[in-house]
Amino acid sequence: MMIREEDPMDDKETNANKESENKKFTKDLLMAILVTAVGFVLLNLTFMFYAGVHNLVSKLIRSMMHEEPQMEGYTPYVIHGVCTLAVFLVSWLASRLKLHVALRAAILMVPLATSLVVIGIFFYEIPALAYALGAAVCLSLLGWLYWKKKHWLYMYSVVFVGIAILLMNLFGVEI
């Protein structure tokens with residue numbers, strides 16, 4: 001039976017690997033926190049924009065018709081459609097900039113959250129359909145990101161937004 005001598009280099013390599021793994025984990029954790037924080041700020045700005053456009057369109061209707069707009073019929077759908085298209089356009093333009101992957105992942109949160117909220121608004125009378133469509137959007141996006149071998153922060157953004165919107169809906173949080 002042969003006894004192996006301990007090589008002091010093995011311990012150094014093991015410690016170096018552990019230290020490298022710890023640094024990578026810390027970096028990844030900080031990136032996830034950055035994506036979450038920036039995404040939260042961007043979502044708040046987006047929903048303030050959404051409210052501003054809603055108020056602007058309401059004022060335009062009021063000034064053209066000389067009466068208070070009825071928030072029945074097609075008017076709310078037009079307002080949501082205009083706002084959603086504007087959010088998608090701005091998000092698409094921002095995603096074309098040469099930004100760090102963490103910022104691009106945070107930007108992804110905006111159109112996704114907007115889409116899920118709009119799906120919830122349009123299908124609030126049929127919650128099962130709203131949940132199914134929201135799940136289909138999130139799962140399709142995750143599948144596409146995986147297929148394209150995108151950075152894990154994009155997938156983190158999708159999962160985070162999907163779970164956040166689901167929990168907000170389940171706990172009755174209103175935007």
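One is the number of the first residue; the rest follow in order along the sequence. All heavy atoms count here, side chains included; hydrogens, waters and symmetry mates do not. The shown structure was predicted, so the numbers you read here are calculated from the model rather than taken from an experiment.
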Shortest non-hydrogen contact from [X] toward [Y]:
{"X": "Val101", "Y": "His151", "result": "CG2-CB, 3.6 Å"}
{"X": "Ser157", "Y": "Val35", "result": "OG-CG1, 3.4 Å"}
{"X": "Leu43", "Y": "Ala113", "result": "CD2-CB, 3.4 Å"}
{"X": "Ala106", "Y": "Gly39", "result": "CB-N, 3.7 Å"}
{"X": "Cys138", "Y": "Gly162", "result": "SG-CA, 4.0 Å"}
{"X": "Leu34", "Y": "Ala102", "result": "CD2-CB, 3.8 Å"}

Examine distances only and state if a side-chain atom of [X] and a backbone atom of [Y] form a donor-acceptor pair shorter than 3.5 Å.
{"X": "Arg104", "Y": "Leu97", "result": "yes"}
{"X": "Asn169", "Y": "Ile165", "result": "no"}
{"X": "Thr46", "Y": "Val110", "result": "no"}

_Distance-only polar pair, side chains of Thr114 and Tyr50, donor-acceptor under 3.5 Å_ =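 Note: Thr114 and Tyr50 side chains miss the donor-acceptor criterion.
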*What do you reckon, is CZ of Phe88 surrounded by more than 12 foreign heavy atoms closer than 6.0 Å?*
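More than 12 heavy atoms, drawn from other residues, nucleotides or ligands, come within 6.0 Å of this atom.
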Validation row: [X], [Y] side chains within 4.5 angstrom (heavy atoms):
{"X": "Lys150", "Y": "Trp144", "value": "yes"}
{"X": "Leu170", "Y": "Tyr131", "value": "yes"}
{"X": "Leu153", "Y": "Met31", "value": "yes"}
{"X": "Thr36", "Y": "Tyr156", "value": "yes"}

Joint hydrophobic cluster, [X] plus [Y], side-chain heavy atoms closer than 4.5 Å:
{"X": "Val117", "Y": "Met168", "value": "yes"}
{"X": "Ile121", "Y": "Val87", "value": "yes"}
{"X": "Leu112", "Y": "Leu167", "value": "yes"}
{"X": "Leu166", "Y": "Val118", "value": "no"}
{"X": "Leu99", "Y": "Val158", "value": "yes"}

*Any chance you could measure Phe40, atom CZ, to Asn44, atom CG, to the nearest 0.5 Å?*
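Between atom CZ of Phe40 and atom CG of Asn44 there are 4.5 Å.
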*Working to the nearest 0.5 Å, report the span between CG of Leu141 and CG of Leu145.*
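The distance works out to 4.5 Å.
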_Other cluster members, Trp92 - Ile/Leu/Val/Met/Phe/Trp/Tyr, side-chain contacts below 4.5 Å_ =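 The other cluster members (ILVMFWY side chains, heavy atoms under 4.5 Å, direct or chained) are Leu89, Leu93.
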*Test side chain to side chain contact (heavy atoms under 4.5 Å, CB included) on Val90 and Phe49 and set out the steps.*
CA-CA 11 Å; Val90 170; Phe49 165 77; over 6 Å; no
